[in-house]
Structures are given as structure tokens and as C-alpha cells.
Amino acid sequence: MQLIDWIIVAAYLIMTLLLGVYLSRKASGSVADFFVSGRSLPWWLAGTSMAATTFSIDTPLYIAGVVASGGIAGNWQWWSFGIAHIIMIYIFARLWRRSEIITDAELIEVRYGGKMAATLRATKAFLFAVPINCIGIGYAMLAMVKAIDALELWQSVGVNPGENLKIWSVVGISVFVLLYAGLSGLWGVVITDFFQFFFGLAGAIVVAAIAVNHIGGMSELIQQVQEKTPQDVLSFVPLQVGGGSLVQWSDAAGITLSTFLAYVFVQWWAFRRSDGGGEFIQRLAAAKTEDEAEKSAWFFNILNYVVRTWPWIVVALAALVIYPDSELLSAAGTVDRELGYPKMMLDFLPPVLLGLTVASLLAAFMSTVSTLINWGASYLVNDLYGRFFRANATQSELVLAGRVASVLITVLGAIAAFNSSSITEVFGLVIAIGTGPGLVLILRWYWWRINASAELAAMLGGFFIGLGTSVFPIIKIEDQGIKLMVITGLTAIIWIAVVILTPPESDETLNKFYTKVRPGGPGWQRQREQTGLPPLQDLGKDLLRVCAAILLLFGAMFAVGGFLLLQPVTGWICLVTAVVGWIWLRQLNKSQAPPMARPGTGLPMK
């Protein structure tokens with residue numbers, strides 16, 4: 001990088017910090033101001049922030065590794081979550097907003113009662129804030145270290161860095177993120193997310209365009225990339241038509257059939273975010289109204305799947321063509337295809353454009369880390385400190401505790417970064433230790449019989465079985481799909497047994513939850529009879545909306561990919577599928593639900 005590039009990066013960092021300082025006044029009033037923006041976020045800001053949270057510097061590096069090892073179809077590891085995210089729009093977004101919580105752990109003592117509910121809330125808050133959240137921060141930091149290494153940032157100023165200097169430079173950036181996230185709370189996070197997302201997306205598009213132009217155009221890229229590997233690298237779903245049966249799994253597929261089936265039919269509902277999850281819930285709870293929460297979830301899905309998928313995939317394909325394995329070696333001397341993205345930036349971007357694109361990578365990194373810092377601190381303050389240690393704490397004390405907790409989360413994330421090596425492997429670990437409790441998290445909204453003991457058993461069972469198949473492989477399973485199904489199956493045995501052996505929640509607790517949230521479906525019939533309140537949700541129609549929206553979302557995503565990658569048949573089929581989904585969804589939306597009361601006011605929604 002040249003001096004002008006460093007000036008651009010420094011200017012970006014200074015503007016971000018100034019924005020955080022300016023917004024600090026909005027976060028100082030109460031813990032709700034600090035963690036859920038006073039429940040006043042508009043849909044476009046909440047939706048963009050959700051997309052920015054999942055758009056970190058690790059993501060394009062991760063996708064470069066996935067495409068190299070499993071082809072485009074390997075992306076089903078994260079595409080499958082699109083099903084859960086569609087369900088979040090029509091099934092859960094309104095329920096979360098209606099519950100008026102700050103964290104998803106707080107819902108536990110709304111849905112359940114007694115000492116077991118308190119134990120579950122404390123356990124979940126700790127697990128999500130410390131090990132799970134800090135692993136996420138750690139692998140974002142790891143990706144930043146890889147980018148610094150591949151971009152030769154230190155070398156450009158005449159310094160030959162060791163591994164410790166590289167990672168300490170990332171920790172330094174994280175401390176910078178901590179300054180604006182700790183000062184301004186969620187307001188600072190979401191406002192900077194908005195600019196950082198589109199800045200990062202523009203950088204990814206620029207890298208993709210320049211890489212394709214260097215190769216000689218998209219048709220040349222498509223031809224050369226398939227020659228570089230024996231696997232079917234270009235198929236979205238590696239199926240073959242013909243042979244012994246009408247449709248069969250491709251012998252050249254980069255992922256196994258069991259892995260694909262586990263991604264599409266198991267992972268999205270078995271994962272710990274099956275009903276929305278974590279930082280997404282923070283945004284939904286911060287939305288102005290239930291309608292705004294639903295719109296924000298849709299906007300997130302469009303940005304996350306339809307818009308930003310393909311620049312990353314194009315760059316990953318270009319890296320396969322341009323760089324032989326010998327040019328992508330890690331410090332340990334092993335081939336690391338995750339380095340393809342930053343190396344392409346260094347090799348092909350001119351001054352000024354390189355500075356802007358490096359700043360866009362910083363933006364992607366900062367948007368994710370700032371969210372994880374604020375989200376993790378919300379658990380420590382709202383669900384541990386304020387609930388169990390200082391129940392009578394003032395709002396100003398809780399805001400101060402939130403800032404202290406933000407420092408702690410950043411330090412623990414840095415420790416995780418020092419002990420990580422592969423982004424793809426860490427992403428697999430996050431999925432493994434989070435798989436198992438998802439079905440319980442869905443059922444607790446719709447079936448009165450789920451109790452706190454069952455959710456605790458599912459959460460701990462999935463966590464420790466995930467560790468036992470990944471970090472400490474007591475059960476060694478090489479195939480990722482089979483591993484996910486084993487974790488899910490063993491966890492189900494545990495929580496089903498607990499449901500059978502333990503009593504349900506009291507009628508008082510169940511009636512209070514139903515009165516507040518009023519979900520649809522047959523699982524709350526007794527509560528409807530006891531309270532005299534009808535549901536505020538038509539679950540049957542909402543499930544049809546989910547089916548139509550899945551056709552629309554995935555049809556649109558693969559239509560874009562089909563036309564972009566010169567697969568017109570795929571493009572047209574998927575476009576027609578998206579149009580059918582859109583027409584069906586419009587028909588379902590014509591019959592409007594009756595107006596609902598604004599939570600806590602009794603006034604109708606607008």
C-alpha cells in the first residue's frame with residue numbers, strides 16, 4: 001500500500017470514531033437505549049445492520065475456502081440458513097417484537113417460571129456471551145490477521161512482522177471498534193453498520209469485476225475454472241439428469257450427498273438460531289413496531305442472499321484460476337485457499353482503489369465485531385449482572401456495566417483469535433456446538449408442554465456433544481452431514497426424555513406468556529380457553545407465506561447466479577420460480593390480519 005492508501009484507511013477510521021462519539025448521547029439514557037436503541041429503529045436500518053453483522057472480513061475468505069474445497073454447492077452450509085431466516089420473517093419476527101425483551105435469554109423467564117428458568121437464563125447468557133460469542137469474535141480477528149498478512153500491510157511500511165505483531169495489530173483495531181461500540185451502544189453499531197455494509201459490498205464488487213476482467217471475461221472464467229479441478233465446481237446443486245435414474249447425485253460433486261441433505265433438511269431447524277437467534281433478535285426487539293420488524297427481516301434476506309452472495313463466489317472462482325496452490329501458502333507452509341481474496345486485492349487493485357477496498361474490508365470486520373461486542377455485553381449485563389447480582393441497579397449503572405462488559409468481551413475474543421488457525425474449521429465448530437437445541441426453541445413458542453428443563457437439556461446436550469465430535473473428538477465423524485445428524489439425534493433423545501420425566505410449567509406462567517405473545521397453532525388451546533383471548537397469529541397462513549417466500553428468495557438468488565455465471569437455463573427456471581413465489585405471496589398477503597395493539601400501550605398498530 002502507498003501513502004494515499006494509508007490516508008484513506010486512516011480517514012475512514014477517524015470518521016467512524018467521530019460518529020460513535022456523536023451517537024454516545026443516544027445510548028446513555030437507559031439499558032434499553034444502549035442495547036436496543038430505545039426500540040426505535042426503522043426497518044431499513046435494522047435490516048441492513050443484520051446483513052452487516054453477517055458480512056465480516058471472514059466471510060469472503062471463508063467462501064473462497066468453501067468454493068475451492070466443495071465448489072459452489074459447498075455454500076449450502078450457510079445458504080440453508082435462508083430457510084430459517086424466511087421463517088423468522090413470517091413466524092417469529094412479530095412474536096419477538098411483541099415479547100418486549102432486550103435479549104433472547106430474557107425470554108426464558110417470560111416463557112418459563114421458577115428456579116429452573118433462572119438457571120437456564122444464566123446458563124444461556126454465559127454460554128452465548130463468552131464461549132460461543134468470543135469464538136465468533138476470534139475467527140473474525142483470525143480473518144483480519146490473514147488479510148493483513150496477504151495484503152502485506154506491515155511490509156508496505158518497511159516492517160517485517162512476526163505472527164504476534166500481526167495479531168496484535170488486529171487486537172488494536174478491535175480496541176478501536178470497542179471505543180465507538182462501547183460509547184454509543186446499539187445506535188452507534190447500527191448507524192456505522194449501514195455505511196459499512198454498502199462500503200464493504202462495493203469493495204467486493206470492485207474486486208470481482210477486476211478479477212473477471214483480468215481473466216478475459218466471464219465466459220473465459222467459466223471455461224478455465226472447470227479445467228482447474230476434477231470436481232463439479234459450478235453446480236448450485238450437483239445433480240445429474242439421466243443415467244440409471246431420472247436424477248442422481250453427481251460423482252464429481254464437491255460435497256457428499258449426506259452433507260447436502262443435512263444442510264438442507266436438518267441444519268436450519270436444529271441450529272441454535274432456528275427461531276431467529278442472538279443479534280438478530282436484538283434488532284427485531286429494537287424495531288419501532290411489529291410491521292417494521294417483519295420488513296427488516298425481509299430486507300436482511302434480500303441483502304444477505306440475493307445481493308451479496310455472488311461477488312464473493314465470483315472472486316473465489318477467479319482465485320482458483322489465477323493462483324496455483326504454490327502461491328497460497330500459509331505461514332506453516334500448507335495450502336490455504338482462504339488467502340485468495342486478499343491476495344487478489346493486492347495483485348490487481350491500483351493505488352486509491354486499493355486503499356478504498358482495504359477500508360471496505362475493515363468496515364466488514366468492524367461491523368461484525370461491534371455487533372458481537374454489544375450483543376455479548378447485553379447478555380452479561382441484562383441476564384447476569386442486572387438479573388442476579390444488582391437487581392436494583394440504576395440505569396446509569398447498567399449502562400456503565402455494559403461498557404465494562406464490552407471490554408471483557410473484546411479481551412476474550414482476542415484470546416480466541418490467538419488459538420485459531422482456519423476460518424472454515426472455526427465456522428464448522430460454531431455450527432457443531434450450536435446444533436441440537438433448535439427444535440426445542442421452535443416448539444417453545446407453539447407447545448405448552450416444553451419446559452425450562454427440556455430447553456436446558458437441549459442446549460447443554462448440543463453444546464457438549466458438539467464439542468465431543470469436534471474439539472475433543474470422542475466420537476470421530478469425518479462427514480460433516482452425518483456429524484450434524486448425529487448431534488441432532490443424540491440431543492433429541494436427551495431433551496425428549498427430559499420432557500417426559502419432568503412436569504410442565506404452571507398454568508399461571510403459561511397463561512401469562514400466552515397473554516403477552518398470543519401465538520397461533522393448536523399447542524395453546526387450553527390457554528385460549530382459560531384466558532378467553534384468541535391468537536394474534538394465523539399460523540396456517542403464515543406457513544404458506546413461508547413456502548411462497550422460500551420460492552421467491554432462493555429463486556431470485558439462483559436466477560442472479562444463473563445469469564451471471566452464464567447458465568441461462570438455470571437462470572430462467574429460477575426466475576420463473578421466483579415470480580411464482582412472488583405472485584403466491586401477494587395473494588396470501590391480500591387478506592390482512594386484524595390490527596394488533598402496540599405492545600405496552602393498548603393502542604392499535606399503525
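Residue numbers start at 1 and run along the sequence shown.
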Nearest heavy-atom neighbours spanning [X] and [Y]:
| X | Y | value |
| --- | --- | --- |
| N301 | G82 | OD1-O, 4.1 Å |
| I89 | A297 | CG1-CB, 3.5 Å |
| L384 | A125 | CG-CB, 4.0 Å |
| I482 | S258 | CG1-OG, 3.9 Å |

Look at [X] together with [Y] and state whether they make a salt bridge at an N to O cut-off of under 4.0 Å.
| X | Y | result |
| --- | --- | --- |
| D383 | K124 | no |
| R97 | E294 | no |
| R387 | E109 | yes |

(Q) For F388, I'd like to know if atom CZ has over 12 heavy atoms of other residues, nucleotides or ligands within 6.0 Å. (A) yes

Q: Determine whether more than 12 heavy atoms belonging to other residues, nucleotides or ligands lie under 6.0 Å from atom CD of E508.
A: no

Q. So, do T531 and R518 sit near enough that their side-chain heavy atoms are less than 4.5 Å apart?
A. no

**Q.** Close side-chain approach of I91 and I86, heavy atoms under 4.5 Å
**A.**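 No - every pair of side-chain heavy atoms lies 4.5 Å or more apart.
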
Q: Take Y514 and Q530 through the test side chain to side chain donor-acceptor pair (under 3.5 Å) and record every step on the way to the result.
A: CA-CA 10 Å; Y514 176 77; Q530 291 178 355; over 6 Å; no

Q: Kindly assign one of parallel, tilted or perpendicular to the pair W76 and F260, based on the angle between their ring planes and the thresholds 30° and 60°.
A: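 The arrangement is perpendicular - the two ring planes meet at more than 60°.
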
Q: Take the angle between the ring planes of F300 and H85 and call it parallel below 30°, perpendicular above 60°, tilted in between.
A: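 Judged by the thresholds at 30° and 60°, the geometry between F300 and H85 is perpendicular.
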
Once rounded to the nearest 0.5 Å, what's the spacing between atom [atom1] of [X] and atom [atom2] of [Y]?
| X | Y | atom1 | atom2 | answer |
| --- | --- | --- | --- | --- |
| W268 | S274 | CH2 | OG | 8.5 Å |
| I494 | I465 | CD1 | CD1 | 4.0 Å |
| L303 | T309 | CG | OG1 | 11.0 Å |
| W269 | D275 | CH2 | CG | 14.0 Å |

Q.
Set out, in order, the CA-CA distance, both residues' side-chain angles and the distance that settles side chain to side chain donor-acceptor pair (under 3.5 Å) for N75 and Y62, then state yes or no.
A. CA-CA 10 Å; N75 287 282; Y62 155 77; 5.7 Å; no

Just to verify, which of [options] counts as forming a ring pair (Phe, Tyr, Trp, His ring centres under 6.0 Å) with [X]?
| X | options | value |
| --- | --- | --- |
| W78 | F271, Y263, Y305 | Y305 |
| W44 | F299, F197, W298, F194 | F194 |
| W524 | Y446, W447, F513 | F513 |

Q: For the pair R111 and E505, evaluate side chain to side chain contact (heavy atoms under 4.5 Å, CB included) and give the outcome as yes or no after the intermediate values.
A: CA-CA 9 Å; R111 173 61 176 83; E505 301 296 327; 4.1 Å; yes

